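This one's a predicted model, so the numbers in the text were calculated from it and none came from an experiment.
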Amino acid sequence: MATPPPPLTRREAREHDSHDTRHDHDYDDSQDHDQAPQSTNEQHTTDADAEAAAAKRAKAELIGRTAAIFIMPLIMVGMMITGYLGTMHSPSANDMPVVVAGSDSKAADIKFALDGAEPDALDVDTVEDAHTAREMVYDREASAAVVIEGDKATLYTAGGAGVQQQTTVTGLVMPALQEEGLDVATEDIASLPDNDPSGLGAMFLMTAIVMAGYLPFSVLRSNSPELLKFKRIVPILGAWAAVIAGLVWTVVCPILDIVDVKDTVPVLGIAWLGVFAISCMQLFITRIVGALGVIVGIFFLMVLGMPSSNLSYPVYTMPAFYRFTHEILPMPAIGEALRSVLYFDGAGVTEHLLVLAIGAVVGLLLTKAYDFISHRRNPDPKPLDVNIPSLHGGRRPDSKVWRYISLIVFPLAMVTMMLTFMLGAMGSPTPKDMPVTVVGSSTEQAKDTIADLEKSMGKNMFDFTATSDKEEARAQVEDRDEVAALVLPTQKNAEFGLIANEAGNNSAYQVVNRIFDQVASAQDMELDVDNVAPLPDRDKNGVVVMYIAMGWILAGFMVVIVGANANPWSRPLKRMIPLTAVYAPFMSLVVALIAGPITGAVDGHFAQLWGAGIIAIFCIAMFAMVFERLIGMLAIIPVIGTLMFAGMPASNGAISEYMIPSFFTTLHDFLPMAAAVETIRSIIYFDSDVVTEHMQVLGLWGLVSLALVFLIDSIKPPRTEQDFGNLHLEHEREQKKQARKQAKALEGPKSAQGSESSTGPAPSEGSESSQFGQSGQTVQSTIVEDDPNDYHRLSSRPTMAPTAGDGMSNRPAEAADRSESSDQQEWIPSTV
């Protein structure tokens, strides 16, 4: 007995019935009976091939999304840490412009002396008079000016042009002038204000403005691409720039008092133009490369922009390429414009505003041209897909209002934290209870000297300790328990001595050197400095430890954020822990290679840094996972706020922990960023003396975070697919809007044709024009009119959109039918 064919599915039965009905008049019953088995077998073969192809595509997509978890952090961390370490770990002067004024013979002699002393570091030129020399310094055309009058010389610098530049050029010029037997005086013709003594106000303002320009595009393309229509996005960007300008001014003027009230209008204008210009350029980049445009933007805006800015380090200490980018990139333009307003009464601001204005216009014109060309080539463009259903990690909101609010909250919170935490903590670094030991011939002598120092300096700057044991004081400085030890003069040694630790923290080292040199000078003595741990030339400013720690932190939280959105299948701990166990050694190896062989910022210690980095990255990933479970992609806000914006000031990295508000000083012993910085510093410079205690801090963060994730997952199991909610209803509504526009376009020719027919002979019933009119009526009735039952029919469909992992293998049948039907294809309006 023959085996009966397998039963047909509902879909196959419908297709089979419709096939029989359409061909009923062509074939008799016998022909249908003969061909039915063959048709069924062909259908089964087609379905099997389709299923095999779908399974293959699903597997490839799963592999691609899993690979993205490694590739995206590799790109981001790699380019940022390489860019920063490669350019800023060992800045050295190169052709720094200096002008000399005086009599022709004297000026020529000094020019020759400076050229001979620093042939590559300085670019020396002569000018006619002292006024021209000073004006060139004030206009930032020269880093310094030397004015010769007989046997005296005056060195003019501008603190507002950068403390680093002022210190560097003074250190290069002063010794050469003194060797010529000149009596040298210094004058700062644009000193920094008391409320911004380090000049960091302009730098942090610049960074916040740049962040506000590109951050919205990091999620806009993938979450709400309908906002990218040119006519819609341009006014949105203008309004967004106004919001950021108001926020920036509110934080830096009335709250932090970094900006004077008289500079309100210029600062508001620069902030608005800066955000708008960057957004316009980022809009064009997004048109070209889509959601990945944020990576391109970060490369040009941050990776190239920060070394080019002339604010973190003088551009004359960077490779020559950055002098070119300094003139054309928006980040330097914003920074120099702010510097002009805040420190130079607006001198030279016009040229930088012009760069921003040109950038905004070019960005808009290129975007419009791209849209025009794209529309000409393809009037019916490919739909833009939605990759991120919601920023909060749950179901895609049905209301656009909530979706747009979440889009605003993300960049707004990041900019606010950048200004309040970073600028508030690091804007005015001054010593506060900095521990210093005073070594005397007796304890009583040391106590008397402390009383005198506190009377002249106040009791808040230093926390003095009296001792008579010099060796003990030196050991405390080596162990970083004390920042420095001041050794009082004795009969055997009539000079002040200072035991300090440059590698312990360079900013603290510079402070104690400067202050106690003044103390010694007041006694007509010199300060003899004993540096127990000098920094090498490859890390002149001691920032290498901070940038390596940044690499660990960025790598740690990115694996969770990218994994949860690129491949939700990886979210359960049974998959995420093994994946992170592979990812952490990979990214730690990348950071160690960048710091060592690639940039040369670190010599040796490869294995120790790699091992410590593995633990740090894994623990940071566990911490980020807690917030990702709770609030989805918005976890970036508390994670970055804790690890970077609060962690950087408290890290004892760029600025000493004793030069920031006491709140952040307290956080130094608890935050992961500080633990990472101290671990790296201990490995590189102090034979891993305190690595264990700081790795315990990182380990504790990781273990507690992992326990919290277990608890959260036990209450609410993690989703393994994206929930796009009623996204298909949004697509249907957009389709109907588009259909209405097409119908209105058809009404124009039809009305014109009707007007012509009223003056001429009426067309016959079978004429072409009559048929066109009937066709137009058909289009209008079938496309424009809405079925009153359509909404309820669509609402009954599943709301889960297919994604990677389980979502790809468990797609509802109705969702699969919709994806295979050309009439119900997912659709997002063109950006044109």
> Please evaluate residues Phe516 and Phe462 with respect to the criterion side-chain contact (heavy atoms from CB on, under 4.5 Å), reporting the C-alpha separation (whole Å), side-chain torsions for both, the decisive distance (0.1 Å), and the verdict.
CA-CA 12 Å; Phe516 291 115; Phe462 295 100; 4.3 Å; yes
> Just wondering, do Val626 and Met622 contact through their side chains at under 4.5 Å, heavy atoms?
no
> List the steps, then state whether side-chain contact (heavy atoms from CB on, under 4.5 Å) holds for Met203 with Ser312.
CA-CA 7 Å; Met203 189 184 77; Ser312 56; 3.9 Å; yes
> Is it true that Glu471 and Arg474 make a salt bridge, defined as a side-chain N closer than 4.0 Å to a carboxylate O?
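Salt bridge flag = no for Arg474 with Glu471.
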> Locate the shortest heavy-atom distance separating Ala93 from Thr168; write the atom from each residue and the value.
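In terms of heavy atoms, the two residues are closest at CB-CG2, 4.2 Å.
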> When you measure from the side chain of His605 to the backbone of Ile684, do you find a donor-acceptor pair of N or O atoms at a distance under 3.5 Å?
yes
> Does any N or O in the side chain of Ser588 come within less than 3.5 Å of the main-chain N or O of Ala584, such that one atom is a donor and the other an acceptor?
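Absent.
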> For Met206, which of Arg339, Met306, Met211 qualifies under side-chain contact (heavy atoms from CB on, under 4.5 Å)?
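Exactly one pass, corresponding to Met306.
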> Which pair of heavy atoms, one from Val532 and one from Val477, lies closest together, and at what distance?
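Here Val532 and Val477 meet closest at CG2-CG1, 4.1 Å.
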> Going by heavy atoms in the side chains, are Tyr316 and Asn94 under 4.5 Å from each other?
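The answer is no, as the side chains (C-beta and beyond) never meet within the 4.5 Å cut-off.
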> For residues Met414 and Phe645, determine if any side-chain heavy atom of one lies less than 4.5 Å from a side-chain heavy atom of the other.
yes
> Just how far is it from atom CG of Leu527 to atom OG of Ser521, taken to the nearest 0.5 Å?
8.0 Å
> Is it true that a side-chain atom of Asn460 and a backbone atom of Lys432 form a donor plus acceptor pair closer than 3.5 Å?
no
> Less than 4.5 Å apart, any side-chain heavy atom of Val261 and any of Cys253?
yes
> Determine whether a donor-acceptor pair (N or O, by modelled atom type, separation under 3.5 Å) exists between the side chain of Gln166 and the backbone of Gly162.
no
> Walk me through it: do Trp249 and Thr264 pass the test side-chain hydrogen bond (donor to acceptor under 3.5 Å, both in side chains)?
CA-CA 7 Å; Trp249 178 84; Thr264 295; 2.9 Å; yes
> Should Asn501 and Val483 count as side-chain neighbours, where that means a heavy-atom distance under 4.5 Å?
no
> Report the distance from atom CE of Met550 to atom OH of Tyr84, rounding to the nearest 0.5 Å.
6.5 Å
> Dump the intermediate steps for side-chain hydrogen bond (donor to acceptor under 3.5 Å, both in side chains) on Asp539 and Tyr685, then the final yes or no.
CA-CA 11 Å; Asp539 186 19; Tyr685 297 123; 2.6 Å; yes
> Quick one: list whatever passes side chain to side chain contact (heavy atoms under 4.5 Å, CB included) with Val704, sequence neighbours left out.
Leu700, Leu708
> Determine whether more than 12 heavy atoms belonging to other residues, nucleotides or ligands lie under 6.0 Å from atom CD of Glu526.
no
> Is Arg681 salt-bridged to Glu678, cutoff N-O under 4.0 Å?
yes
> Would you say that more than 12 heavy atoms from the other residues, nucleotides or ligands in this model lie under 6.0 Å from the CG of Asp687, or not?
no
> Could you verify whether a donor N or O on one side chain and an acceptor N or O on the other, from Thr437 and Glu482, lie under 3.5 Å apart?
yes
> Any luck finding a side-chain donor-acceptor pair between Asp196 and Tyr343 under 3.5 Å?
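A pair is found: one side chain offers a donor N or O, the other an acceptor, under 3.5 Å apart.
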> Considering non-hydrogen atoms only, spot the tightest contact between Pro649 and Met422 and give its length.
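Minimum heavy-atom separation between Pro649 and Met422: CD-SD, 4.0 Å.
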> Mark yes or no for whether Thr420, through its side chain, and Thr416, through its backbone, hold a donor-acceptor pair below 3.5 Å.
yes
> Taking it one step at a time, do Glu336 and Asn310 satisfy side-chain hydrogen bond (donor to acceptor under 3.5 Å, both in side chains)?
CA-CA 8 Å; Glu336 293 289 10; Asn310 199 33; 3.0 Å; yes
> Counting only heavy atoms not in Lys540, do more than 12 sit closer than 6.0 Å to its NZ atom?
yes
> I'd like to know if the side chain of Asp188 and the backbone of Gly159 have a donor-acceptor N/O pair within less than 3.5 Å.
yes
> Rounded to the nearest 0.5 Å, what's the gap from CD on Glu502 to OH on Tyr509? Could you check?
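These two atoms lie 5.0 Å from each other.
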> Show your working on salt bridge (charged side-chain N to carboxylate O under 4.0 Å, His left out) between Asp433 and Lys459 and close with a plain yes or no.
CA-CA 8 Å; Asp433 297 325; Lys459 296 184 178 181; over 6 Å; no
> Between Ile680 and Val545, what is the shortest heavy-atom contact and its length?
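The answer is CD1-O, 3.6 Å.
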> Report yes if some heavy atom in the side chain of Met302 is under 4.5 Å from a heavy atom in the side chain of Thr207; otherwise report no.
yes
> Return yes if some donor-acceptor pair links the side-chain N/O of Ser456 with the main-chain N/O of Leu453 below 3.5 Å, else return no.
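Flag set: sc Ser456 to bb Leu453 pair under 3.5 Å.
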> With side chains defined as the heavy atoms from C-beta onward, is the minimum distance between Ile258 and Leu423 less than 4.5 Å?
yes
> Regarding Ser507 and Asn505, do their side chains bring together a donor and an acceptor under 3.5 Å, going by distance alone?
yes
> Can you tell me how far the CD1 atom of Ile553 sits from the CE atom of Met673, to the nearest 0.5 Å?
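If we round to the nearest 0.5 Å, Ile553:CD1 and Met673:CE are 6.0 Å apart.
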> Would you check, one step at a time, whether the test side-chain contact (heavy atoms from CB on, under 4.5 Å) holds for Ile209 with Leu338?
CA-CA 11 Å; Ile209 290 170; Leu338 288 168; 4.2 Å; yes
> Taking 4.0 angstrom as the limit, do Arg480 and Asp689 come out as a salt bridge?
yes
> Rounded to the nearest 0.5 Å, what separation is found between the CG atom of Leu706 and the CE atom of Met625?
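The CE atom of Met625 is 7.5 Å from CG of Leu706, to the nearest 0.5 Å.
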> Could you check whether any side-chain N or O of Ser308 sits under 3.5 Å from a backbone N or O of Pro332, counting only pairs where one atom can act as donor and the other as acceptor?
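Pair absent, no side-chain N/O of Ser308 close to backbone of Pro332.
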> Please assess Thr599 against Arg538 for the test side-chain hydrogen bond (donor to acceptor under 3.5 Å, both in side chains), listing each intermediate value before the final yes or no.
CA-CA 10 Å; Thr599 63; Arg538 61 178 178 273; over 6 Å; no
> Show the nearest heavy-atom pair for residues Ala635 and Pro638, with the distance to one decimal.
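Here Ala635 and Pro638 meet closest at O-CD, 3.1 Å.
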> Tell me whether Thr666 contacts the main-chain N or O of Ser662 through its side chain, where contact means a donor paired with an acceptor under 3.5 Å.
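Yes: the side chain of Thr666 pairs with the backbone of Ser662.
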> To the nearest 0.5 Å, what is the distance between CG (Asp537) and NE2 (His89)?
10.0 Å
> With the side chain counted from C-beta on, respond yes when Asp517 and Phe496 share a heavy-atom pair under 4.5 Å apart, and no when they do not.
no
> Search all heavy atoms of Pro411 against all heavy atoms of Leu215 and return the closest pair with its distance.
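Taking every non-hydrogen atom into account, CB-CB, 3.9 Å.
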> Hey, does the side chain of Asp260 reach the backbone of Lys262 with a donor-acceptor pair shorter than 3.5 angstrom?
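Here the side-chain-to-backbone pair exists.
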> Before giving the answer on side-chain contact (heavy atoms from CB on, under 4.5 Å), spell out for Leu643 and Leu671 the whole-Å C-alpha distance, their side-chain angles and the decisive distance to 0.1 Å.
CA-CA 7 Å; Leu643 298 177; Leu671 290 184; over 6 Å; no
